[in-house]
Amino acid sequence: MSFSSGARVSLTIEDIAFGGEGVARLDDFVVFVPFVLVGEVVEAEITEVKKNFARARLVRVIQPSPERVEPACRYFAACGGCQYQHIAYATQLRLKHKQIVDLFQRIGGVRAGVVAPVIPCPQPYGYRNRIMVRSQWNKPAQKLNLGFIRWDGGLVEDIEECQIAEPALNAQIKHVRAHPPPKGGIKVVLRIPPEGWDVPPDSFFQNNSFLLPKLVEAVRECLRGVGVQASACSGGGVRDPKEQAEACTPTGRQLVDLYCGVGFFGIELADAVESFVGVEYDQRAIKAAQRNAAARGRTNGEFMAATVEEALPQLLKRFSPQTTTVLLDPPRKGCRPPTLQLLRRERPAQIIYVSCHPATMARDLNILCRGGVFDVVRVLPLDMFPQTQHVECVTDLRAVENTPASSG
């Protein structure tokens with residue numbers, strides 16, 4: 001295709017890629033455009049040309065989709081924090097479901113039928129309890145910008161408020177603006193402490209309190225169904241959760257909660273297992289987890305300050321695979337290969353994988369399920385991040401009977 005940066009073109013949007021950019025074609029040459037919807041005809045300006053694709057910025061919408069809405073935020077399409085404010089919320093949910101299905105099929109080899117509809121957030125705006133604002137010296141304007149990275153590069157978009165943050169955080173933004181950092185390049189984390197939880201300043205905790213009960217419910221639903229064999233759930237369908245829960249209420253099982261942070265999942269699920277062990281390398285988080293467990297009277301668990309690679313081998317020897325569930329809630333980069341290979345060799349009865357990054361989860365699922373060692377029973381997506389490209393997924397995997405143990 002013979003065009004260069006700066007050229008203006010008319011495009012029809014065919015799809016929305018994972019990450020939020022619209023996909024269009026010019027004579028089979030792919031062009032990515034942000035802030036559009038499927039079916040729209042738009043004018044766009046080419047900003048980058050590669051061998052197999054180009055990127056463009058949206059100039060104007062010629063024929064809008066009926067699912068286009070007015071963004072709530074005045075910084076949308078400049079600030080890089082949100083990608084979907086121009087899309088009706090119900091459409092966002094359908095879009096994320098399609099993206100998860102496509103991604104899990106393509107990368108993870110996961111059947112489409114096991115992916116449930118995306119659970120909506122009861123509060124699509126004003127939900128984040130933690131944000132990080134950055135400071136950057138704006139030389140042309142001779143002032144300090146405070147805000148978020150722009151969608152189109154490394155510059156900071158100066159903001160006075162964030163529509164997806166809880167109101168209390170917007171009050172904190174005003175305080176930071178009134179008392180700015182002494183120079184650019186400084187990051188400032190703003191957080192509303194979760195009620196009833198001891199969370200050290202740099203320790204992880206879920207950013208959406210409004211959908212958190214549903215996340216716990218999704219993991220508990222998977223845990224309650226541990227007695228169902230993978231073979232009974234395969235074939236492209238998902239059993240009714242109530243039927244599944246009634247069919248199997250196993251007792252005497254152990255939960256190994258990896259990347260446990262301040263102990264959230266282990267503590268919340270302690271009443272559903274005989275015992276649990278939380279593993280986290282952050283020693284301050286482990287001490288907080290111990291305090292959180294004591295505050296809730298959870299006496300059937302323990303916490304280990306160690307890396308997953310250090311702790312997992314001894315835990316899988318300590319507990320019987322037939323009665324053990326391993327809960328994985330790793331960072332966005334996913335699990336390290338040695339961890340996945342150890343799980344393939346030892347084959348605990350169930351793995352519950354929780355992640356906010358479907359691409360790395362799909363990659364890890366492909367490794368875990370290779371050769372029929374594990375089977376994905378169901379994927380439960382939750383919209384923990386409305387208005388953005390991100391989505392949380394809870395995936396239920398079961399060890400497959402009569403499959404030879406894997407060495408790698």
Side-chain angles (χ1 to χ4, degrees), residues 1-99 102-103 106 124-125 134 136-143 145 147-164 359 385-391:
M1 193 72 195
S2 57
F3 55 75
S4 57
S5 293
R8 292 202 172 187
V9 293
S10 177
L11 302 169
T12 299
I13 307 303
E14 300 176 359
D15 199 1
I16 304 295
F18 182 76
E21 291 184 304
V23 180
R25 295 179 187 276
L26 285 173
D27 295 336
D28 293 328
F29 192 79
V30 174
V31 182
F32 294 104
V33 189
F35 314 123
V36 294
L37 287 99
V38 172
E40 289 188 330
V41 178
V42 303
E43 181 183 358
E45 180 181 315
I46 302 298
T47 58
E48 181 183 18
V49 180
K50 298 290 187 179
K51 182 178 180 181
N52 297 317
F53 68 91
R55 296 192 186 279
R57 71 173 184 88
L58 178 65
V59 175
R60 65 187 178 101
V61 179
I62 299 171
Q63 294 180 15
S65 165
E67 295 164 327
R68 176 174 284 273
V69 298
E70 189 67 24
C73 179
R74 54 180 159 154
Y75 306 109
F76 180 70
C79 170
C82 295
Q83 296 78 40
Y84 292 157
Q85 285 194 28
H86 63 294
I87 304 176
Y89 188 52
T91 306
Q92 291 184 38
L93 299 175
R94 292 194 297 271
L95 172 62
K96 290 185 178 184
H97 180 267
K98 177 183 181 299
Q99 290 174 338
D102 291 349
L103 193 67
R106 178 169 53 87
Y125 282 96
R134 300 167 185 260
Q136 184 180 66
W137 181 249
N138 185 333
K139 189 174 181 179
Q142 287 294 293
K143 72 182 188 73
N145 283 3
F148 305 115
I149 298 295
R150 290 176 55 89
W151 78 271
D152 57 356
L155 299 178
V156 170
E157 178 70 15
D158 195 46
I159 61 111
E160 295 180 355
E161 62 184 6
C162 175
Q163 290 292 333
I164 64 172
F385 314 96
Q387 318 308 329
T388 80
Q389 60 172 304
H390 305 293
V391 61

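For the single chain, residues carry numbers from 1 onward in sequence order.
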> Taking only residues two or more places apart in sequence or in another chain, which ones pass ring-ring contact (aromatic ring centres under 6.0 Å, His included) with Phe18?
Replying inline: none

> Mind checking whether Val30 and Asn52 have side chains closer than 4.5 Å, heavy atoms only?
Replying inline: no

>> Please check this pair: side chain of Gln83 against backbone of Glu21, looking for a donor-acceptor N/O pair closer than 3.5 Å.
In response: no

>> Once salt bridge (charged side-chain N to carboxylate O under 4.0 Å, His left out) is applied, what residue pairs with a partner in residues 32-42 remain, sequence neighbours excluded?
In response: Glu40-Arg68

>> Restricting to non-hydrogen atoms, name the atom on Gly22 and the atom on Val36 that form the minimum distance, rounded to 0.1 Å.
In response: CA-CG2, 3.6 Å

> So do Thr47 and Ser5 actually touch side chain to side chain, heavy atoms under 4.5 Å?
Replying inline: no

>> Holding to side-chain hydrogen bond (donor to acceptor under 3.5 Å, both in side chains), I want the full list of residues that pass it with Tyr75, two or more places apart in sequence or in another chain.
In response: none

>> Using 0.5 Å steps for rounding, measure from the CZ atom of Phe148 to the SG atom of Cys82.
In response: 8.5 Å

>> Tell me the closest heavy-atom pair linking Pro386 and Pro124, and the distance in Å.
In response: CB-O, 3.4 Å

> Do the side chain of Gln85 and the main chain of Phe76 share a donor and acceptor less than 3.5 angstrom apart?
Replying inline: no

>> Filter on ring-ring contact (aromatic ring centres under 6.0 Å, His included), then keep only pairs touching residues 49-70, sequence neighbours left out; what's left?
In response: Phe32-Phe53

> Gln63: what forms a side chain to side chain contact (heavy atoms under 4.5 Å, CB included) with it, not counting sequence neighbours?
Replying inline: Val41

>> Can you tell me how far apart SG (Cys73) and NE2 (His86) are? Round to the nearest 0.5 Å.
In response: 14.0 Å

> Rounded to the nearest 0.5 Å, what separation is found between the CG atom of Asp15 and the CG atom of Asp102?
Replying inline: 7.0 Å

If you look only at distance, which donor and acceptor atoms sit under 3.5 Å apart when one is on a side chain in residues 155-162 and the other is two or more places apart or in another chain?
unit_1	atom_1	unit_2	atom_2	d
Glu157	OE1	Arg150	NH1	2.7
Asp158	OD1	Leu146	N	2.8
Asp158	OD1	Arg177	NH1	3.0
Asp158	OD2	Lys143	NZ	3.0
Asp158	OD2	Arg177	NH2	3.2
Glu160	OE1	Arg74	NH2	3.3
Glu161	OE2	Arg74	NE	3.4
Glu161	OE2	Gln163	NE2	3.4

>> Please identify which of these residues, Val9, Leu58, Ile46, meets the side chain to side chain contact (heavy atoms under 4.5 Å, CB included) condition with Val33.
In response: Leu58

> How would you list, by chain and number, every residue that makes a ring-ring contact (aromatic ring centres under 6.0 Å, His included) with Tyr84, sequence neighbours excluded?
Replying inline: none

> With Arg8, which residues qualify under salt bridge (charged side-chain N to carboxylate O under 4.0 Å, His left out), at least two apart?
Replying inline: Glu43, Glu45

> Considering residues at least two apart in sequence or located in another chain, which fulfil the side chain to side chain contact (heavy atoms under 4.5 Å, CB included) criterion with Pro34?
Replying inline: Trp151

> Within the distance-only criterion (no hydrogens, no angle test), does the side chain of Gln136 pair as donor or acceptor with the backbone N or O of Asn145 below 3.5 angstrom?
Replying inline: no

> With sequence neighbours excluded, what pairs up with Ala24 under the side chain to side chain contact (heavy atoms under 4.5 Å, CB included) test?
Replying inline: Leu11, Ile13

>> I'd like to check the side chain to side chain contact (heavy atoms under 4.5 Å, CB included) partners of Arg106; sequence neighbours left out, ordered by chain and number.
In response: Leu103

>> Using the salt bridge (charged side-chain N to carboxylate O under 4.0 Å, His left out) criterion, which residues pair with Glu48? Sequence neighbours excluded.
In response: Lys50, Arg55

> Rounded to the nearest 0.5 Å, what separation is found between the NZ atom of Lys96 and the NZ atom of Lys98?
Replying inline: 15.0 Å

